[in-house]
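Everything on this sheet refers to the single structure shown next.
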There are 2 protein chains.
Amino acid sequence: MSANVTIADVAERAGVSQASVSRVLNGKASVDPEIVKQVRRAVAELGYTPSLAARSLVRGRNQTVAMVVPDLGNPLFQGILKGVSVAAAADGYRVLVADTDEHVDDEEATALEARQRCDAVVLCAPRLPDDRLRALVARLEPVVVVNRRLDGAAVPQVGIDYARGVRELVDHLVGLEHRRIAVLAGPAQSASNAERLRGIAEAEAADPGLDIRVLPCGSRLDDGFAAADAVEAERADGATAVIAYNDLVALGLLAALRQRGVDVPGDLSVAGFDDIPLAAFGTPPLTTLSVPRAELGAQVWSRLRGLIGGASDEHELLFQPRLEARASTAARS
Amino acid sequence: MSANVTIADVAERAGVSQASVSRVLNGKASVDPEIVKQVRRAVAELGYTPSLAARSLVRGRNQTVAMVVPDLGNPLFQGILKGVSVAAAADGYRVLVADTDEHVDDEEATALEARQRCDAVVLCAPRLPDDRLRALVARLEPVVVVNRRLDGAAVPQVGIDYARGVRELVDHLVGLEHRRIAVLAGPAQSASNAERLRGIAEAEAADPGLDIRVLPCGSRLDDGFAAADAVEAERADGATAVIAYNDLVALGLLAALRQRGVDVPGDLSVAGFDDIPLAAFGTPPLTTLSVPRAELGAQVWSRLRGLIGGASDEHELLFQPRLEARASTAARS
DNA sequence: CTGTTAGCGCGTTCAT
DNA sequence: ATGAACGCGCTAACAG
């Protein structure tokens, strides 16, 4: 039905010109009420639907934006995607996902290719080196950079204040009498990892009584699971708490520790980051830093829409994570 | 740069006709090697990129497919999305996500709208009544239906054999001496829930010694958490094992049970469905039925590609879930 | 307020 | 093998 019906068919059926049909469809100029009625009727009878392809060609717009992520398996990006997705949908936009599958070197090509199909892009590229990212962003143009700060680029950025969050977490732990803390670091090139580490360094500098050791780890469940040996070594060495790169890592660690008979938080306190849905249902429920993923996604869309509309915006929006103290952290015994 | 360079610019620069440029770009007809060289050079110098909008208009194709899901937060759909996404990417296709956010009544409109933007659609609509789904599918045409069977529609379907899987699970439990089993049902209108229930009924019919009670529940973490009271009542009544609708529900239940001091699997065995990444890291590790989400996604793409290419295919592909016996189920004590 | 005309950028006949 | 011309379906000038 609606398949091959064109605006010409509607025009003919309604006995008017294509232009008039176009006008009533887009509500541009004012049209004689009688014609409007005719057109609407013809549209309904024919089951006409405008060709988005043709519309895209002439308008130079798709009503589609791309979201480039390193890994859709990461709950953080899932949440942001969902947030962007529903916010964009409310404005008649759809989102195309491009998962680079952690292949940093494909990121530029993927993003560029995605941009071609869309009016703008939401870029999550935590691993891409600064200079390459800056260059990329310039070619992507209507773009908002998510979850990493980028100086010297006239592009809106929305992210999470990891440094401040992690300091809050350290304070929480210190309040519970912990002094020797192990930190499970994320992927080495990850920007948000660097931010966390910066926060750690600041916390250490502010409180000389602190002894924090950073252990290389990763960003996924199994990374956390595999870090158990190293964590145990730290514990033998006096560590009483660990801050994991994110909740996935924390949950993986929790599983490995339980398997080893280590009691959390009795023997060791563990904290994560992100407050993924499962965090509250962990064993024990995980202390973590909550970030409003959906809200963040909505803000991303809001900025993107502005850019698409021709606005310029190079502000940075930093969400403050909120400490969610749960049972996995407790006073040092 | 590459922005407003058109094929005409390339043609002029190369001193040939647009048609020739088009030919070398698409490798359609054979072209003089010399011209090929000229064109390639011009393309490179100008940084020309074909307009996908124009191409879409003339070809009637997007190189984009839509995936409609009820909830992106569900790990099952995430996995399938990823599978479809990478498989499609290998063929130069991208995928558009349309999350209906569990609003069954928007499903048709959303799917139709998505279809307009794309060459085909992957439809996950577990709640839509059969007749509406059949009607919808006809209008979506190149479409593959995921995770639910649909009789009387000439459309490929790929899903999971929930009925058989759940019987396998029951067998597993029976092998562990369980006879009184509670089942936490999923959303009432969910097709895959019905399949599971069918499996349960078959298992019961085959083994008169079995006593299985179905409890209404849901599909999410908190549904499982909230079901703890009902489960405890069943346990008081003699139930020694529970089969949850999916892993999320099982994990939620596990958390609630732990909170109540119920030992799993000592006091009660618990099993889930889907084998989401976190299942193996649960406390205790969750016995579940593993479904190859990525592989399933790849198969979905393979079928979809066939349809786009004009093939017809109305076969049903049913993946057999594999039992993943872990610590959450044990012999009745 | 309406219809006519001219593109948007590309693929594709149809001659040559 | 190549180029000229047309059309995909729509919107936006421009007249009237």
Side-chain angles (χ1 to χ4, degrees), chain A residues 1-43 46-64 92 113 115-119 310, chain B residues 1-43 46-64 92 113 115-119 308:
Chain A
M1 314 274 130
S2 88
N4 286 326
V5 184
T6 101
I7 197 174
D9 300 327
V10 176
E12 184 182 11
R13 174 90 170 213
V16 299
S17 74
Q18 298 189 15
S20 290
V21 176
S22 177
R23 285 183 190 109
V24 337
L25 259 41
N26 297 302
K28 286 291 180 183
S30 51
V31 188
D32 185 289
E34 187 56 31
I35 291 200
V36 173
K37 225 175 66 183
Q38 298 294 329
V39 169
R40 293 213 187 292
R41 210 161 59 96
V43 166
L46 266 34
Y48 167 73
T49 318
S51 153
L52 297 183
R55 194 171 266 183
S56 296
L57 178 58
V58 65
R59 293 220 262 242
R61 299 246 203 93
N62 243 322
Q63 303 280 109
T64 304
E113 200 265 358
R115 172 62 178 87
Q116 268 217 270
R117 304 175 180 256
C118 302
D119 301 343
Chain B
M1 317 277 126
S2 90
N4 288 327
V5 184
T6 100
I7 198 174
D9 300 326
V10 176
E12 184 182 11
R13 175 91 170 209
V16 298
S17 72
Q18 299 189 14
S20 290
V21 176
S22 177
R23 286 183 188 109
V24 335
L25 258 43
N26 297 302
K28 287 290 178 182
S30 52
V31 188
D32 186 290
E34 187 55 32
I35 292 199
V36 173
K37 227 176 62 182
Q38 297 295 330
V39 170
R40 292 213 188 293
R41 210 161 59 95
V43 166
L46 266 36
Y48 167 73
T49 319
S51 153
L52 298 182
R55 193 171 266 185
S56 297
L57 178 58
V58 65
R59 292 220 263 242
R61 299 248 203 91
N62 247 305
Q63 304 280 108
T64 305
E113 199 265 358
R115 171 64 178 86
Q116 268 220 274
R117 305 175 181 255
C118 301
D119 301 343
I308 293 175

Do the side-chain N or O atoms of [X] get closer than 4.0 angstrom to the phosphate oxygens (OP1, OP2) of [N]?
X	N	value
A/S22	D/dT11	yes
B/T6	C/dG9	no
B/S51	C/dG9	no
B/R55	C/dG11	yes

Separation of atom [atom1] in [X] from atom [atom2] in [N], rounded to whole Å:
X	N	atom1	atom2	result
A/R59	D/dG9	CZ	C1'	12 Å
B/R23	D/dT2	CZ	P	8 Å
B/I7	C/dG11	CD1	P	5 Å
B/L25	C/dT12	CG	P	12 Å
B/E12	D/dG3	CD	C1'	15 Å
B/R61	C/dC10	CZ	P	19 Å
A/L57	C/dG11	CG	C1'	13 Å
B/Q18	C/dG9	CD	P	11 Å

Euclidean distance, [Y] [atom2] relative to [X] [atom1], rounded to 0.5 Å:
X	Y	atom1	atom2	answer
B/N62	B/L57	CG	CG	11.0 Å
B/R115	A/T49	CZ	OG1	11.0 Å
A/D119	A/S56	CG	OG	7.5 Å

- Query: With sugar-phosphate meaning primed atoms plus P, OP1 and OP2, does B/V31 contact a base, only sugar-phosphate, or nothing at under 4.0 Å between heavy atoms?
  - Reply: sugar-phosphate

- Message: For a quick check of understanding: with a heavy-atom distance under 4.0 Å over all strands, which category does B/S20 fall into, base, sugar-phosphate or nothing?
- Response: sugar-phosphate

Which donor-acceptor pairs under 3.5 Å do the side chains of residues 5-14 of chain A make with protein atoms, sequence neighbours left out?
residue	atom	partner	partner atom	Å
A/T6	OG1	A/A8	N	2.8
A/D9	OD2	A/T6	N	2.9
A/R13	NE	A/E45	OE1	2.8
A/R13	NH2	A/E45	OE1	2.5

- Task: Would you indicate which nucleotide in C/dC1, C/dC10, D/dA1 comes nearest to any side-chain atom of B/D32?
- Result: D/dA1

- Item | Closest non-hydrogen atom pair, B/G92 against A/R117 | O-NH2, 3.0 Å

- Message: Both B/V58 and B/V16 contact DNA chain D. Taking the nearest nucleotide for each, which residue is further toward the 5' end?
- Response: B/V16

